[in-house]
Chemist: 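Pasting a structure here, questions to come.
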Amino acid sequence: MGERSLIAAIEALLGAGGAPQVRNPRLVRWVGDDAAVVRARPFAVTSVDAMVDGVHFRSGRPGTSLADIGHRAVAGALSDLAAMGAEAGEVYVALGAPEGFTAEDGLALVGGMEALCARTGAVIAGGDVTRAPALFLSVTVVGWAEDAAVLLTRDGARPGDLVGLTGPLGASAAGLALLDGRVDAASAGIAPDVAAALVAAHLRPEPRLREGVALARLGLRAGIDVSDGLATDAGHLAARSGMALALDLQAVPLAPGVGDVARALGEDPREFAVTGGEDYELCVCAAPALTSAARDAGVTTWIGGVDAAGPDGPGVHFSGRPAGAPPLSGFEHPVR
Ligand SMILES: Nc1ncnc2c1ncn2[C@@H]1O[C@H](COP(=O)(O)OP(=O)(O)OP(=O)(O)O)[C@@H](O)[C@H]1O
Ligand SMILES: Cc1ncc(C[n+]2csc(CCOP(=O)(O)O)c2C)c(N)n1
Ligand SMILES: [Mg+2]
């Protein structure tokens with residue numbers, strides 16, 4: 001199969017033969033032209049996310065479909081817009097297709113992306129196809145905001161803020177351990193429906209777009225999505241804001257079954273949950289006056305607070321750990 005027939009198949013799947021305004025009123029030109037043309041709003045909010053076979057997913061693994069891989073790549077990218085509190089707009093997909101990748105494979109992959117886009121108000125407006133030594137996806141997302149001051153940023157935490165999460169942590173890392181076969185659900189005493197939910201949390205994460213927009217509009221100013229693990233991502237909030245975040249490890253909510261998977265791996269459940277990553281929940285900071293409304297907007301749990309940095313400088317301190325325990329840190333790609 002050639003590049004052109006794959007693009008033609010994607011074009012047909014997206015309905016790109018017809019007028020773009022039918023798919024989305026902001027679109028003037030999209031898939032099929034040299035570049036997309038979009039009616040802009042005052043502020044464009046843009047993020048790029050790459051996913052690579054063997055690093056972010058394993059293609060061909062039983063239980064992982066190409067639609068799952070497409071969904072995850074777009075979900076991870078849209079999650080960065082959620083973290084900013086921007087409204088989702090356009091999605092641009094660069095696809096590296098390995099030997100043997102068929103048009104059918106391409107359609108399954110883009111189908112998983114398109115289904116999530118359709119649900120979240122995003123639209124695939126363009127992309128690129130190349131031959132590659134391994135399957136990779138680079139997803140660029142553009143979100144929009146009326147006012148740049150009404151966004152969540154990493155440097156917006158203030159002393160006295162409470163730190164909240166939009167949902168439980170650890171499900172994605174637990175689902176990955178099950179998919180990898182590092183933990184056997186039955187031997188770990190995990191019910192089949194609980195195991196299936198963990199795997200689904202890993203393969204089909206849900207970007208918290210509605211929550212991000214609602215929290216930004218409420219007046220929250222600091223947020224980040226949990227992609228590398230709360231221990232690392234809360235560290236970004238602390239460092240960029242120049243603050244000390246005091247978090248209670250025991251207050252971190254766990255998805256059902258996460259404790260069983262962690263114990264089967266010989267790890268502390270909450271340490272596992274804050275270091276695993278890819279949960280794509282939002283971690284936000286709210287002034288005390290906003291906490292009740294923030295709960296209505298999607299914060300499920302308050303896990304700590306923000307203080308001015310002391311003599312040790314900005315950073316995250318987890319209470320509820322044994323004295324002298326080594327610092328916690330999330331996922332980091334080795335680059336050397
Ligand atoms: N190659 C690069 N060139 C320029 N800027 C980059 C590059 N890689 C990352 N950045 C910027 O560095 C910042 C942190 O990037 P990073 O990818 O760690 O974001 P993240 O949201 O923490 O992680 P995730 O990849 O899980 O979304 C972002 O502002 C990003 O735009
Ligand atoms: C096969 C396989 N092995 C390991 C992992 C775990 N993993 C990969 S990237 C990442 C952090 C976010 O990445 P990025 O910062 O690039 O968005 C995590 C937790 C996985 N998903 N699949
Ligand atoms: Mg992010």
Side-chain angles (χ1 to χ4, degrees), residues 79-85 150-173 207-255 258 268-310 312-321 325 327-331:
S79 176
D80 282 320
L81 298 184
M84 298 295 291
V150 185
L151 289 172
L152 305 170
T153 59
R154 293 181 178 186
D155 62 1
R158 295 290 173 267
D161 282 357
L162 271 78
V163 179
L165 289 172
T166 55
L169 302 182
S172 180
R208 298 291 186 197
L209 285 159
R210 213 174 336 101
E211 292 84 350
V213 168
L215 292 164
R217 285 194 186 149
L218 258 185
L220 275 69
R221 288 295 157 260
I224 192 164
D225 62 321
V226 180
S227 58
D228 291 332
L230 181 69
T232 291
D233 293 318
H236 294 318
L237 283 177
R240 294 277 169 186
S241 297
M243 295 287 145
L245 268 58
L247 306 182
D248 176 5
L249 187 65
Q250 302 310 319
V252 170
L254 303 183
V258 168
D268 172 78
R270 287 191 167 75
E271 293 194 356
F272 175 81
V274 301
T275 56
E278 295 182 301
D279 288 306
Y280 298 112
E281 295 296 347
L282 303 183
C283 173
V284 295
C285 303
L290 297 177
T291 51
S292 157
R295 205 174 248 295
D296 296 336
V299 171
T300 59
T301 318
W302 301 104
I303 57 168
V306 178
D307 297 311
D312 294 344
V316 182
H317 179 262
F318 280 100
S319 60
R321 302 185 67 215
L328 296 169
S329 67
F331 185 92

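By convention here, the first residue in the shown sequence is residue 1. Atoms considered below: every heavy atom in the structure, side chains included; atoms not considered: hydrogens, waters and symmetry mates.
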Chemist: Hey, does L249 have a side-chain heavy atom less than 4.5 Å from the side chain of D268?
Modeler: yes
Chemist: In Å, rounded to the nearest 0.5 Å, how long is the span from OG1 of T291 to CG of D296?
Modeler: 10.5 Å
Chemist: Considering all heavy atoms of both residues, which atom of A82 and which atom of L282 are nearest to each other, and what is their separation?
Modeler: O-CD1, 3.8 Å
Chemist: Using modelled atom types only, decide if a donor and an acceptor are shared between the side chain of R270 and the backbone of V252 within a distance under 3.5 Å.
Modeler: yes
Chemist: Is there a side-chain contact between L230 and I303, using heavy atoms and a 4.5 Å cut-off?
Modeler: yes
Chemist: Give, for atom CZ of R217 and atom CG of L151, the distance between the pair rounded to the nearest 0.5 Å.
Modeler: 10.5 Å
Chemist: When rounded to the nearest 0.5 angstrom, what distance separates CD1 in I224 from CE in M84?
Modeler: 10.5 Å
Chemist: Does R321, at its CZ atom, have more than 12 non-hydrogen atoms belonging to other residues, nucleotides or ligands within less than 6.0 Å?
Modeler: yes
Chemist: Any side-chain heavy atom of P168 sitting closer than 4.5 Å to one from L254?
Modeler: no
Chemist: Looking only at heavy atoms, which two atoms of S172 and G277 are closest? And how far apart?
Modeler: CB-O, 3.7 Å
Chemist: Using every non-hydrogen atom in the two residues, find where P314 and A239 come nearest and quote the distance to one decimal.
Modeler: CB-CA, 4.2 Å
Chemist: For A216, does its backbone N or O pair with a side-chain atom of R221 as donor and acceptor, under 3.5 Å?
Modeler: yes
Chemist: Looking only at heavy atoms, which two atoms of T301 and P253 are closest? And how far apart?
Modeler: OG1-CG, 3.4 Å
Chemist: I'd like to know if the side chain of D155 pairs up with that of T153 as donor and acceptor (distance under 3.5 Å, no hydrogens or angles considered).
Modeler: yes
Chemist: Do C285 and L237 come within less than 4.5 Å of each other through their side chains, counting heavy atoms only?
Modeler: yes
Chemist: Is there a donor-acceptor pair closer than 3.5 Å between any side-chain N or O of T166 and the backbone N or O of G298?
Modeler: no
Chemist: Out of curiosity, L169 CG to F272 CZ, how far, rounded to the nearest 0.5 Å?
Modeler: 11.0 Å
Chemist: For the residue pair T275 and S329, what are the closest heavy atoms and their distance?
Modeler: CG2-O, 3.4 Å
Chemist: Can you name the closest pair of heavy atoms from G330 and A231 and give their distance?
Modeler: N-CB, 4.3 Å
Chemist: Can you measure from CZ (R208) to CG (D225) and round to the nearest 0.5 angstrom?
Modeler: 12.0 Å
Chemist: Are the side chains of L165 and C283 in contact, using a 4.5 Å heavy-atom criterion?
Modeler: yes
Chemist: Under 3.5 Å, is there a donor-acceptor pair between the side chain of S241 and the main chain of R154?
Modeler: yes
Chemist: Might you confirm whether atom NE2 of H236 has over 12 heavy atoms from other residues, nucleotides or ligands at distances under 6.0 Å?
Modeler: yes
Chemist: Can you tell me how far the CG atom of D228 sits from the CG atom of D233, to the nearest 0.5 Å?
Modeler: 5.0 Å
